[in-house]
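Everything numeric in this text was worked out from a predicted model, so none of it was measured.
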Amino acid sequence: AVADGASPTLAASWSTSLHVFSGDPLEKLRRISVAGDLAFSPSFRCDGALLAAGDKKGVVRVFRADKAAAGALRTLRAHAAETRVVRYPVAGGDKIHLLTAGDDALLAYWDVPSETPIFSVPAAHRDYIRGGAASPADPNIFATGSYDRSVKLWDARTGNTGPSLSFSHGELVESVLFLPSGGLLATAGGNVVKIWDVIGGGCLLHSVESHVKTVMDLALGKMASTGETRLLSAGIDGYVKSFDFGKLKMTHSLRYPQPLLSVACSPCGSVVVAGSAKGNIYMGNRKKKAVDEEEEGRKSVGGEIDWVSL
């Protein structure tokens, strides 16, 4: 998880802990223990002050992220299995609500201060829910993706009446992500990334098959040189791919030494961080002598990368 314009700036889950990093270059700030169980899906509140994460038993905990504190501030209990989706709203400065979903196929929308779900949807999908995203345009809109191959949009104002939109990705869905306008949604499943027009009723706009193995995570990254935003995808094949969704073309291909489970980019666009299946976190700093983005077909088109195992 990356906090936009806040300190700390990065949180990563590994084993029973959350590891919080800050600064540029990133330096380890602190380690937060998640009560002796495997931690998943860290999510910063919009102001970066709080950090929420799920665990293997389905419990979601909220911690102080901006300074050391003893234990969780809030504990949310509704799930009966791993909670792999924990998302604070992105838009509107909402500091009190949280969306969670997990392997029990339950979706819950919480009032965090009271530790109470505003609504919950049992069997929101027919299989594990592994992908989730908050809309950058509306704090009430969220998307979920499941191993039942479906993607669903939810409106917190009417969530207990069912999804506002549903369509099929065609493969087990690992990740979903809204593009900056909030009107387009990217989904990842199998070795395919697809872009959908969710305002237009879930119309498929483009399909990208640039990976040779399963795509595990999606993120947005800003080009430090131009300020333009790219769609990043990380896969089991050990690659991070950068896609220009405006021109519908691939622009970067970065090779990592291990299979990847996650990817994130700093708000300024100068640092790309990838998490591996073996527990390493790789931080890539773009050097000043960058290669022109239009020169495609190389293993690394975005400039030289310094890999650092954190």
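Between R157 and D138, at least one side-chain nitrogen of the basic residue sits less than 4.0 Å from a carboxylate oxygen of the acidic one, meeting the salt-bridge criterion. Using a 4.0 Å cut-off between a side-chain N of Lys or Arg and a carboxylate O of Asp or Glu, D103 and R130 qualify as a salt bridge.
Of all non-hydrogen atoms in S17 and A39, the two that sit nearest each other are O-CB, 4.1 Å. Here the closest heavy-atom approach between residue G48 and residue A65 is recorded as O-CB, 3.6 Å. Counting all heavy atoms, side chain and backbone alike, S233 lies closest to V193 at CB-CG2, 4.1 Å. In terms of heavy atoms, D94 sits closest to P139 at CB-CB, 4.4 Å. Nearest heavy-atom pair across Y88 and S43 is N-OG, 3.1 Å. Here the closest non-hydrogen pair linking A134 and P89 is CB-CA, 4.1 Å.
Note: the hydrophobic cluster containing V215 also contains L220 (ILVMFWY, side chain heavy atoms under 4.5 Å, direct or indirect links). Transitive grouping of hydrophobic side chains (ILVMFWY, heavy atoms separated by less than 4.5 Å) keeps I96 and V60 in distinct clusters. A continuous path of Ile, Leu, Val, Met, Phe, Trp and Tyr side chains, each step under 4.5 Å between heavy atoms, connects Y282 with V263, placing both in one hydrophobic cluster. The cluster map of Ile, Leu, Val, Met, Phe, Trp and Tyr, joined by side-chain heavy atoms under 4.5 Å apart, puts I118 and V121 in the same cluster. I199 and L165 fall into different hydrophobic clusters, where Ile, Leu, Val, Met, Phe, Trp and Tyr residues are linked whenever their side-chain heavy atoms come under 4.5 Å apart, directly or through other members.
For the pair F63/L50, no side-chain contact is recorded, criterion being any heavy-atom separation below 4.5 Å from C-beta on. At a threshold of 4.5 Å between non-hydrogen side-chain atoms, the residues T214 and N191 do not count as touching. Contact check for F142 versus V90: no side-chain heavy atoms found under the 4.5 Å cut-off. Side-chain contact between I281 and F21 is present, with at least one heavy-atom pair separated by less than 4.5 Å. In this structure, F245 and L179 have side chains that are in contact, with non-hydrogen atoms separated by less than 4.5 Å. A heavy-atom distance below 4.5 Å is not found between the side chains of D55 and L38. Side-chain atoms of V85 and T83, non-hydrogen and from C-beta on, never get closer than 4.5 Å to each other. Using a 4.5 Å heavy-atom cutoff, the side chains of Y109 and H97 are in contact.
Because its NZ or CZ atom is not both nearer than 6.0 Å to the ring centre of Y128 and within 45° of the ring axis, R84 does not count as a cation-pi partner of that residue.
Side-chain atoms of T161 come within 3.5 Å of backbone N or O of T158 as a donor-acceptor pair. Although no hydrogens or angles enter the test, the distance criterion places no donor-acceptor pair under 3.5 Å between the side chain of S175 and the main chain of A188.
Less than 6.0 angstrom separates the ring centroid of F243 from the ring centroid of H206. Aromatic ring centres of Y239 and H211: separated by at least 6.0 Å.
Among R30, K28, R31, the one residue that satisfies the side chain to side chain donor-acceptor pair (under 3.5 Å) test with H19 is K28. Checking each of L205, L185, L204 against D197 for a side-chain contact (heavy atoms from CB on, under 4.5 Å) leaves exactly one that passes, namely L205. L177 pairs with exactly one of I195, L232, L231 by the side-chain contact (heavy atoms from CB on, under 4.5 Å) rule, that one being L231.
With values rounded to the nearest 0.5 angstrom, D127 atom CG is found 7.5 Å from L172 atom CG. Distance check: K95 NZ to L98 CG gives 15.5 Å after rounding to the nearest 0.5 Å. To the nearest 0.5 Å, atom CH2 of residue W110 and atom CG of residue L99 are 11.0 Å apart. The distance from the CG atom of D244 to the CE atom of M223 is 9.5 Å, given to the nearest 0.5 Å. Atoms OG and CG, from S13 and L51 in turn, are 9.5 Å apart once rounded to the nearest 0.5 Å. In this structure, K247 NZ and R230 CZ are separated by 7.0 Å, a value rounded to the nearest 0.5 Å.
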Practice task
Show your working on side-chain hydrogen bond (donor to acceptor under 3.5 Å, both in side chains) between R87 and T100 and close with a plain yes or no.
Solution key: CA-CA 6 Å; R87 297 291 183 271; T100 64; over 6 Å; no
Handout entry: Trace of the side chain to side chain contact (heavy atoms under 4.5 Å, CB included) decision for V176 with T187
Key = CA-CA 4 Å; V176 299; T187 62; 3.9 Å; yes
Practice task
Check the pair V208 / V192 against side chain to side chain contact (heavy atoms under 4.5 Å, CB included), numbers first and verdict last.
Solution key: CA-CA 6 Å; V208 186; V192 184; over 6 Å; no
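Listed by first and then second residue, the side chain to side chain donor-acceptor pair (under 3.5 Å) pairs that reach into residues 115-125 are S114-T116, H125-T144, H125-D148, H125-S150, sequence neighbours excluded. Screening residues 162-182 for ring pair (Phe, Tyr, Trp, His ring centres under 6.0 Å), with sequence neighbours left out, gives F167-W196.
For K194, there are no side-chain hydrogen bond (donor to acceptor under 3.5 Å, both in side chains) partners two or more places apart in sequence or in a different chain.
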